[in-house]
> 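One structure follows; several queries about it will come next.
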Amino acid sequence: MKYNCDKIEKKWMQEWSKNNYADWKPTENAKKKKKYVLDMFPYPSGDGLHVGHVENYAATDIYSRYSRMKGFNVLHPMGWDAFGLPAENYAIKTKQHPAQVVEKNIKVFRRQIERLGLSYDWNRKINTTDPKYYKWTQWIFLQLFKHGLAYEKEAPINWCPSCKTGLANEEVVEGKCDRCGTPVERKKLKQWWLKITAYAERLLSGLDQLDWPNSIKEMQKNWIGRSEGSLIKFKLKSGDVNIGEIEVFTTRADTLFGATYLVLSPEHPIINILKNHADNAKEIDRYINEARQKSDMERMDPTKTKTGVEIKNIQAINPANNQLLPLWISDYVLVHYGTGAIMAVPAHDERDFEFAKKFGLKIIEVISPDQKEHQLNAAYTGPGYLLNSGPFNGLDSEIAQDKISLFIGAKKSVFYKMRDWVFSRQRYWGEPIPIIKCPKCGNVPLSEKDLPLTLPKVKSYEPSGTGESPLAAISSWVNVKCPKCGGPAKRETNTMPQWAGSCWYYLRYIDPKNSKQLVDPKKEKKWMPVDLYMGGAEHAVLHLLYARFWHKFLNDSGVVSTDEPFQKLINQGTILGANNEKMSKSRGNAVNPDDIVKQYGADALRLYEMFMGPLQAAKPWNTEGINGVSRFLNRIWNLFSAQIKINGGEKNNPTTAKTINQTIKKVTEDLENLDYNTAISALMECLNALTAKEGVKIKKSHLEDFLRLLAPLAPFITEELWHQMGHKTSVHKERWPKYNKKMLREKEFDLIIQINGKVRDKVKAMVDINQGEAERMALNREKIKKILTGNHPKKIIYIPNRLINIVI
RNA sequence: GCCCGGGUGGCGGAAUCGGCAUACGCGAAGGACUUAAAAUCCUUUGUUCGCAAGGACUUGUGGGUUCGAGUCCCACCCCGGGCACCA
């Protein structure tokens with residue numbers, strides 16, 4: 001009889017859900033060691049689950065099931081990250097309320113996930129749009145506000161004209177909106193910011209202790225972008241009049257004698273003062289205006305040539321040698337990094353070189369690897385020895401950095417590329433920011449007892465595009481009394497970005513129904529940190545950085561006991577279409593997991609995705625590949641059906657016993673390392689060995705061990721066969737099998753005979769023979785004798801129980 | 001340009017410590033069963049020379065270390081991902 005996967009899988013799906021998923025519930029007071037296995041929770045989109053979700057969730061499910069069988073107390077939860085732009089945009093498009101859309105989509109996701117046999121403890125499910133949940137998101141915001149880490153500031157921000165909202169730097173990819181690909185504009189808006197920069201150093205140093213992929217750690221390091229350098233002050237002169245000073249940041253104080261001009265960012269505030277002393281104020285105004293008009297895309301375009309304007313009649317004094325330097329304005333200097341001003345050393349900086357060439361500015365070589373002067377065709381940015389640097393000539397450039405800094409009294413300083421996080425969005429579908437704006441008292445935080453501040457129902461939740469949230473239109477909600485002075489005040493109408501809810505959700509799973517606290521500290525201590533966190537690599541500098549920031553803050557506030565939330569992180573590789581391109585509807589190469597489940601079953605889909613290749617690697621979908629695992633399951637079904645019919649044997653077959661023991665060893669090691677592809681290979685080899693002799697009775701315990709090994713990978717078929725073998729309890733409650741070392745010991749091995757490193761022959765030999773015996777065996781072989789005629793072995797290398805290499 | 005991965009049969013991939021390269025699966029070819037097809041089962045399957053026995057070659061390219069290299073070292077080429085005027 002053929003294996004009817006659909007019928008059997010549905011039967012067990014219902015059986016498992018019967019008692020509220022009791023089997024997957026961790027015990028709170030167990031003495032068992034804990035394991036917290038977490039998936040990046042999905043945004044429940046209208047498209048339903050895709051094969052990438054399945055890869056992610058199947059992988060952690062296998063690990064969770066395996067860990068339970070190993071005796072761990074496993075926390076494996078799931079929930080919904082349902083606020084944010086995609087839900088809102090979809091709702092607008094289909095003319096529904098975002099809450100309705102989310103509710104519908106969650107139902108679909110839940111059904112699909114259950115159909116895959118994923119062993120989540122659904123009693124702990126969370127939803128970021130549930131007021132009982134976002135009460136605590138708002139609560140964290142209030143704590144940040146009270147600690148001065150949430151502040152309001154008017155500044156030019158990234159503005160997506162299509163999504164009609166501000167964006168964080170992390171959400172801008174190549175000058176375009178991460179969501180919709182529209183080029184981002186600059187817009188000056190009053191916004192809420194989170195002071196993530198206050199944690200820059202700790203976010204950087206904390207990476208060392210994490211078991212994360214190198215690439216993600218590197219991305220975060222680069223994003224934080226720490227630079228050590230010196231702050232150098234340049235006095236300014238207009239004619240003989242002193243008119244203040246400008247401070248610049250440099251990592252190359254050793255090149256100070258090569259500075260031939262200074263450059264200010266067009267947005268630098270000092271320009272307003274300097275303009276009054278300049279001959280060409282009009283020209284300066286024109287340049288600054290042009291720069292302001294340019295989009296980020298235009299300003300950052302690496303192919304464009306540098307532009308700039310000189311502030312005429314003003315000069316800076318080089319503190320090292322009192323040389324007078326011209327002062328320029330150019331948009332290649334960024335206002336928000338360092339001091340917004342630089343000293344230009346064209347000989348040793350590519351950008352300065354290009355600028356100097358274009359505007360005919362002096363180029364003075366001060367660093368030379370061979371201590372000689374050169375005709376420079378490009379900037380030399382490497383290390384070397386100092387030239388043209390007065391008392392410092394001949395000094396190693398590394399050493400000169402400190403010496404010159406000291407000489408001119410420069411301050412050592414550290415800057416980071418990372419900027420504060422723009423935290424408000426001009427959209428409807430997000431957590432309301434719990435702040436009241438009072439004309440007398442300023443920003444007044446809502447009292448904690450007034451949380452949650454629920455998102456009001458609104459007729460039109462479409463973005464206004466004016467920089468105001470749709471919430472601003474609901475006067476009954478907006479107009480309130482100031483909690484401090486009782487006077488008329490207004491609510492903050494911006495909402496939080498989609499990342500807010502996901503910054504701390506892993507904590508809520510630990511204690512999802514607690515109405516008094518974000519999380520009970522006892523429970524938090526028990527379960528944190530997350531032992532295995534899995535999800536896509538696209539969150540490298542978004543969610544994964546934001547969550548670490550909040551976690552460190554919560555740690556400082558005493559809410560959590562650990563410094564880092566996610567100890568081990570694994571990124572599953574992207575599943576590509578059969579044509580090796582990214583899966584998408586428009587490319588026509590998308591695979592719908594529902595179709596696969598219908599045709600082959602959930603076990604087959606899970607097994608196939610795990611068998612495709614290493615978890616972390618990107619791999620193309622192969623429609624025919626799934627036949628292989630489907631056949632594998634059918635052959636298991638046939639073997640067990642036949643064995644159950646002949647009612648198993650109890651006689652021990654040493655060959656089978658060895659096969660089973662080897663498989664237990666291999667599968668255990670592979671599951672431990674999440675090498676699921678090779679674990680499945682090993683089980684296939686095992687099955688091939690078991691089915692080799694038809695009609696032979698196989699010992700019941702061997703068959704049972706095989707089912708135990710396969711159970712985490714293919715939960716449905718193993719449960720069915722386990723029960724067919726007469727068991728009344730679940731195979732998933734079984735203990736993980738152990739192998740017997742004695743059974744693995746071999747008596748014989750294949751002795752490989754090499755001549756000059758080339759395999760020429762092989763012969764069966766007893767394990768642990770010594771070199772003399774091995775040599776005798778090898779040299780006695782006819783084939784070897786033939787090759788050796790006329791040659792005398794110079795040297796013989798014997799690797800015990802492996803090979804012998806005869807060198808001639 | 002800089003930083004991280006990676007390159008192994010027709011395809012996905014395996015090779016844990018430097019020791020039989022190509023496990024496992026897909027596909028393909030031939031055969032069995034069948035009136036036939038599907039399904040299933042069996043055999044073959046890196047390239048190349050050879051009737052065969054057997055030989056030569058082969059892990060992106062070129063060099064090196066070693067008795068022995070997919071694995072280690074140097075240089076280069078290609079693919080994927082990230083960052084990109086951050087002083």
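Chain letters run A, B, ... following the sequence lines, proteins first, then strands; residues in each count from 1. When reading the values below, keep in mind they use all heavy atoms of this one structure, side chains included, and skip hydrogens, waters and symmetry mates.
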> Does A:Asn580 have a side-chain nitrogen or oxygen under 4.0 Å from the phosphate oxygens OP1 or OP2 of B:C79?
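Result: no.
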> For RNA chain B, whose closest nucleotide is more 5', that of A:Ile799 or that of A:Ile626?
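Going by which nucleotide is closer to the 5' end, it is A:Ile799.
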> Rounded to whole angstrom units, what separation is found between the NZ atom of A:Lys666 and the P atom of B:A14?
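Roughly 10 Å, once rounded to whole Å.
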> Reckon A:Val248 touches a base, only the sugar-phosphate, or nothing at all at heavy-atom distances under 4.0 Å?
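Contact class for A:Val248: none.
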> From B:C41, B:C24, B:A84, pick the nucleotide closest to the side chain of A:Trp223?
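When the side chain of A:Trp223 is considered, B:A84 is the closest of B:C41, B:C24, B:A84.
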> Can you tell me the distance, in whole Å, between the CD atom of A:Glu685 and the P atom of B:G25?
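One finds 8 Å between P of B:G25 and CD of A:Glu685, rounded.
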> Measure from CG on A:Asp352 to P on B:C85 and round the result to the nearest Å.
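After rounding, the reported distance stands at 14 Å.
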> Is the phosphate of B:U40, meaning OP1 or OP2, less than 4.0 Å from a side-chain N or O of A:Arg631?
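Looking at the OP1 and OP2 atoms of B:U40, one of them is under 4.0 Å from a side-chain N or O of A:Arg631.
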> With a 4.0 Å cutoff (strictly under), does any side-chain N or O of A:Asn677 reach OP1 or OP2 of B:A14?
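Yes, such a contact exists.
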> Mind checking if A:Glu669 touches a base, just sugar-phosphate, or nothing, with heavy atoms under 4.0 Å?
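Here A:Glu669 touches the bases of the nucleic acid.
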> Pick base, sugar-phosphate or nothing for A:Ala618, based on heavy-atom distances below 4.0 Å to the nucleic acid.
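Sugar-phosphate contact only.
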> For A:Ile224 and B:G82, give me the distance from atom CD1 to atom C1', rounded to whole Å.
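Taking atom C1' of B:G82 as the reference, CD1 of A:Ile224 is at 15 Å.
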> Quote, to the nearest angstrom, the C1' distance that separates B:G13 from B:G70.
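Taking atom C1' in both B:G13 and B:G70, they lie 14 Å apart.
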> Looking only at side-chain N and O atoms, does A:Lys758 come under 4.0 Å of OP1 or OP2 in B:C57?
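Yes, because at least one side-chain N or O of A:Lys758 sits under 4.0 Å from OP1 or OP2 of B:C57.
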> What's the gap between B:G64 and B:G81 when it is taken at their C1' atoms, as a whole Å value?
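One C1' to the other, the span is 31 Å.
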> Round to the nearest Å and state the distance from A:Lys221 atom NZ to B:C2 atom C1'.
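Nearest whole value for this atom pair: 15 Å.
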> What I want to find out is whether A:Lys619 reaches A:Glu55 closely enough, with some N-O distance under 4.0 Å, to be called a salt bridge.
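A salt bridge is present here (some side-chain N lies under 4.0 Å from a carboxylate O).
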> So, does A:Thr339 use its side chain to make a donor-acceptor pair with the main chain of A:Ala341 at under 3.5 Å?
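Yes, the answer is positive, given that a donor and an acceptor are paired below the 3.5 Å cut-off.
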> Can you check B:C4 for me, syn or anti if syn means within 90° of 0?
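B:C4: anti glycosidic orientation.
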> Ignoring backbone atoms, establish whether A:Asn634 has a side-chain N or O less than 4.0 Å from OP1 or OP2 of B:U40.
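No, outside the criterion.
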> Taking A:Gly384's backbone N and O only, do any of them form a donor-acceptor pair with A:Ser397's side chain (distance below 3.5 Å, no angle check)?
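It does hold such a pair.
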> Do the side chain of A:Lys795 and the base of B:C67 come within less than 3.5 angstrom through a donor-acceptor pair of N or O atoms?
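Side chain to base: no pair present.
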> Are the side chains of A:Ile232 and A:Phe249 in contact, using a 4.5 Å heavy-atom criterion?
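Counting from C-beta outward, A:Phe249 and A:Ile232 never come under 4.5 Å.
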> Is it the case that the base of B:C85 and the side chain of A:Lys306 share a donor-acceptor contact (distance under 3.5 Å, atom types as modelled)?
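Flag set: donor-acceptor pair detected.
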> Give one of base, sugar-phosphate or nothing for A:Gln754, where a contact means two heavy atoms less than 4.0 Å apart.
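The answer is base, as A:Gln754 lies within the cut-off (heavy atoms under 4.0 Å) of a base atom.
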> Using only heavy-atom distances, determine whether the side chains of A:Tyr380 and A:Glu365 contain a donor-acceptor pair under 3.5 Å.
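No, A:Glu365 and A:Tyr380 have no side-chain donor paired with an acceptor closer than 3.5 Å.
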> Do any side-chain nitrogens or oxygens of A:Asn627 fall under 4.0 Å of OP1 or OP2 in B:A39?
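Result: no.
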> Grab the CG-P distance between A:Asn622 and B:G9 for me, whole Å please.
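These atoms are roughly 17 Å apart.
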> Starting at CH2 of A:Trp212 and ending at P of B:G82, how long is that distance when rounded to a whole Å?
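After rounding, the gap between these two atoms is 18 Å.
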> Indicate, with a heavy-atom threshold strictly under 4.0 Å, whether A:Asn805 touches base, sugar-phosphate, or nothing.
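Base contact.
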> Compare all side-chain heavy atoms of A:Trp193 with those of A:Ile157 and state whether any distance is below 4.5 angstrom.
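Yes, their side chains come closer than 4.5 Å.
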> Mind checking if A:Pro213 touches a base, just sugar-phosphate, or nothing, with heavy atoms under 4.0 Å?
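Nothing: the residue A:Pro213, judged by heavy atoms under 4.0 Å, touches no strand.
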> If I pick the C1' atom on B:G6 and the same atom on B:U71, what distance separates them, to the nearest angstrom?
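Straight-line distance between the two C1' atoms is 15 Å.
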> In this structure, how many angstroms lie between the P atom of B:G25 and the OH atom of A:Tyr676, rounded?
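Roughly 21 Å, once rounded to whole Å.
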> Using a heavy-atom cut-off of 4.0 Å across all strands, would you classify A:Arg760 as base, sugar-phosphate, or nothing?
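Sugar-phosphate contact only - A:Arg760 comes under 4.0 Å of backbone atoms but never of a base.
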> Give A:Ser215 one of three labels, base, sugar-phosphate or nothing, depending on what nucleic acid heavy atoms sit under 4.0 Å from its own.
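Since only primed, P, OP1 and OP2 atoms lie under 4.0 Å of A:Ser215, the category is sugar-phosphate.
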> On RNA chain B, nearest-nucleotide positions of A:His336 versus A:Arg635: which is more 5'?
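It is A:Arg635 whose nearest nucleotide is closer to the 5' end.
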> Are A:Gln662 and A:Tyr739 linked by a side-chain donor-acceptor pair shorter than 3.5 Å?
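No pair is found: no donor N or O on one side chain lies under 3.5 Å from an acceptor on the other.
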> Looking for any heavy atom pair under 4.0 Å, which part of the strands does A:Lys783 touch: base, sugar-phosphate only, or nothing?
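No contact at all - A:Lys783 keeps every heavy atom at 4.0 Å or more from the nucleic acid.
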> Since syn is defined as within 90° of 0, does B:G9 count as syn or as anti?
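Syn conformation here, the glycosidic angle of B:G9 being no more than 90° from 0.
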